[in-house]
Amino acid sequence: MIRIATWNVNSIRQRLEHLLKWLKDASPDVVCLQEIKCVDEAFPREPIEAMGYTVVTHGQKTFNGVALLSRLPFDETKPRLAGDDEDVQARFFEGVVPLKRGVLRIGCLYLPNGNPPDTEKYPYKLKWMSRLTAYAKERLANEETFVLAGDFNVIPDARDVYDARAWMGDALFLPQTRERFQALLNLGMTDAVRATTDAAGQYTFWDYQAGGWAKNNGIRIDHLLLSPQASDRLANAGIDKHLRGWEKASDHVPVWVDLDLEAA
DNA sequence: ATGACTACTCCCAGTAGA
C-alpha cells in the first residue's frame, strides 16, 4: 500500500512542528506541500530527512512554493508546469517513483486563487488550468499510474461549500472555473474523495476569519485526481480534518489516498 | 460592515490569501 497526501501548510516555517507530528501519525509515503512561502535555502529539510524522507522544493520568496517529500526513492523530479516560460510563480513539482510494475507519477500543484475575478488574476488562473489540462492529457496518454494532488483552489460542486450562494461570484466557484476542473475529470481523472463518498461537507479549508472553523464554514478545494491506472488501485481516501483544531493551524488540512501498489 | 485572521516583508503598514 502506498499513501499519497497533499497539504497546503500556509508557511512551512510556521507549520514545521505540525508537519512532523502529522508525518508520524499519518505515515504518508509521498507528500505534496503547497504554500511553503520560502526560498529553497530556507526550507527546513533536515528534520524531515531525519524521518526518512527525500525532500525536493521549488520555493520563492514570500509567496507560493511547493515541495515533494517521499519515503520511496524518486526516479525523476522536475519543477514547473510546462506551457508558459514567462510564468515565474512556484506552483508545480512533478516526481516519479518506480513501482514493482511500472511507475507512479505525481504532480504536486498549487493552482492560482484567481481573485478578484475582474483583475488579471482570473485569466492567469484560467490559463494555468488549461496548461494543467494539457499536461494531464499528455501524461494520461502514457497509461501510467498518475496522481495530480494539491490545492486546486476549485470548489467542484455545491456540496463542497457551506453556502453556495455566497460563493457564486468567487474565482473558486465561478462556472468557468468549475468547467475547467470538469474538463480535467473528463480526460479520465477520478476525484478520489468523491470516489469514496457522495456526502456534502467534505471540507479541506476553513477561513481564519469570522470563526470559519467554529461554524464549520468550510470549502473543499484540496484534491487528489487519479488516472484510471491509479483509481483501479484506490483502497481508501480521507481528510485529516482534526488538524484544523490544532493550535496555530494552517487554514487547510491534509487530504490523502491509499493506493494498492507495490514500490520497486 | 471599508471588518473579521494569519503570514509575509529591507520593521511595520501594506499585500495576499480564499
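Values reported hereafter were calculated over all heavy atoms of this structure, with side chains retained and with hydrogens, waters and symmetry mates removed. Since this is a predicted model, take the numbers as computed values, not measurements. Residue numbers start from 1 in every chain, and the chains themselves are labelled A, B, ... in the order their sequence lines are given, proteins ahead of strands.
Summarising the local packing, CD of A/Q182 is surrounded by more than 12 heavy atoms from other residues, nucleotides or ligands at distances under 6.0 Å. More than 12 heavy-atom neighbours from other residues, nucleotides or ligands sit within 6.0 angstrom of CZ on A/R71. Residue A/D163 places its CG atom among more than 12 non-hydrogen atoms of other residues, nucleotides or ligands, all under 6.0 Å distant.
The only option from A/T6, A/L224, A/L226, A/L184 that meets the side chain to side chain contact (heavy atoms under 4.5 Å, CB included) definition with A/L148 turns out to be A/L184.
Going from atom CG of A/N113 over to atom C1' of B/dA7 covers 15 Å, rounded to whole Å. If you take CE of A/M168 and C1' of B/dA18, they are 18 Å apart, rounded to a whole angstrom. Straight-line distance from the OH atom of A/Y124 to the C1' atom of B/dG17: 14 Å, rounded to whole Å. Going from atom NE2 of A/H223 over to atom C1' of B/dA18 covers 13 Å, rounded to whole Å. Counting to the nearest Å, the P atom of B/dC8 and the CG atom of A/N64 are 13 Å from each other. If you measure from atom CG of A/D207 to atom C1' of B/dA7, you get 13 Å, rounded to the nearest angstrom. When the P atom of B/dT6 is taken as reference, atom CD of A/E247 falls 11 Å away, rounded to whole Å. To the nearest angstrom, P of B/dT9 lies 11 Å from CD of A/Q60.
With B/dA7, B/dA18, B/dG17 as the choices, the nucleotide that has an atom nearest any side-chain atom of A/W167 turns out to be B/dA18. Across B/dA16, B/dA18, B/dA7, the shortest atom-to-atom separation from the side chain of A/L172 is found for B/dA18.
Residue A/K125 has no polar side-chain atom (N or O) positioned under 4.0 Å from OP1 or OP2 of B/dG17. Side-chain nitrogen and oxygen atoms of A/K37 include none within less than 4.0 Å of the OP1 or OP2 phosphate oxygen of B/dG17. An OP1 or OP2 oxygen of B/dA7 is reached within less than 4.0 angstrom by no side-chain nitrogen or oxygen of A/R13. Look at A/Q209 and you won't find any side-chain N or O under 4.0 angstrom from OP1 or OP2 of B/dG17. Look at A/N115 and you won't find any side-chain N or O under 4.0 angstrom from OP1 or OP2 of B/dA18. Remark: A/H252 is not in phosphate contact with B/dG17, judged by side-chain N or O atoms under 4.0 Å from OP1 or OP2. Listed pair A/S11 / B/dT6 fails the phosphate criterion, with no side-chain N or O lying under 4.0 Å from OP1 or OP2. Residue A/N8 places at least one side-chain N or O closer than 4.0 Å to OP1 or OP2 of B/dA18. For the OP1/OP2 pair of B/dA16 and a distance below 4.0 Å, the side-chain nitrogens and oxygens of A/Y110 include no atom meeting the criterion.
When the C1' atom is used for both B/dG3 and B/dA18, the distance is 16 Å, rounded to whole Å. One P atom belongs to B/dA13, the other to B/dA1, and the distance between them is 28 Å to the nearest Å. B/dT2 and B/dC11 have their P atoms separated by 32 Å, with the value rounded to a whole Å. Spacing between B/dC10 and B/dT15 at atom P, rounded to whole Å, works out to 14 Å. Of the P atoms belonging to B/dC12 and B/dT6, the separation is 23 Å, rounded to the nearest Å.
A donor-acceptor contact under 3.5 angstrom links the side chains of A/W206 and A/N216, judged on distance only.
In this structure, the ring of A/F63 has its center no less than 6.0 angstrom from the ring center of A/Y110.
A residue-by-residue look at A/Q14 and A/A210 shows that A/A210 has its nearest nucleotide of DNA chain B further toward the 5' end. In terms of position on DNA chain B, the residue among A/Y208 and A/D170 whose nearest nucleotide sits closer to the 5' end is A/Y208.
Across all strands, A/D151 comes closer than 4.0 Å only to sugar-phosphate atoms, never to a base (heavy-atom distances).
Remark: the A/N153 side chain and the B/dA18 base include no donor-acceptor N/O pair separated by less than 3.5 Å.
Using a 4.5 Å cut-off on side-chain heavy atoms (C-beta onward), A/F152 and A/L132 make contact.
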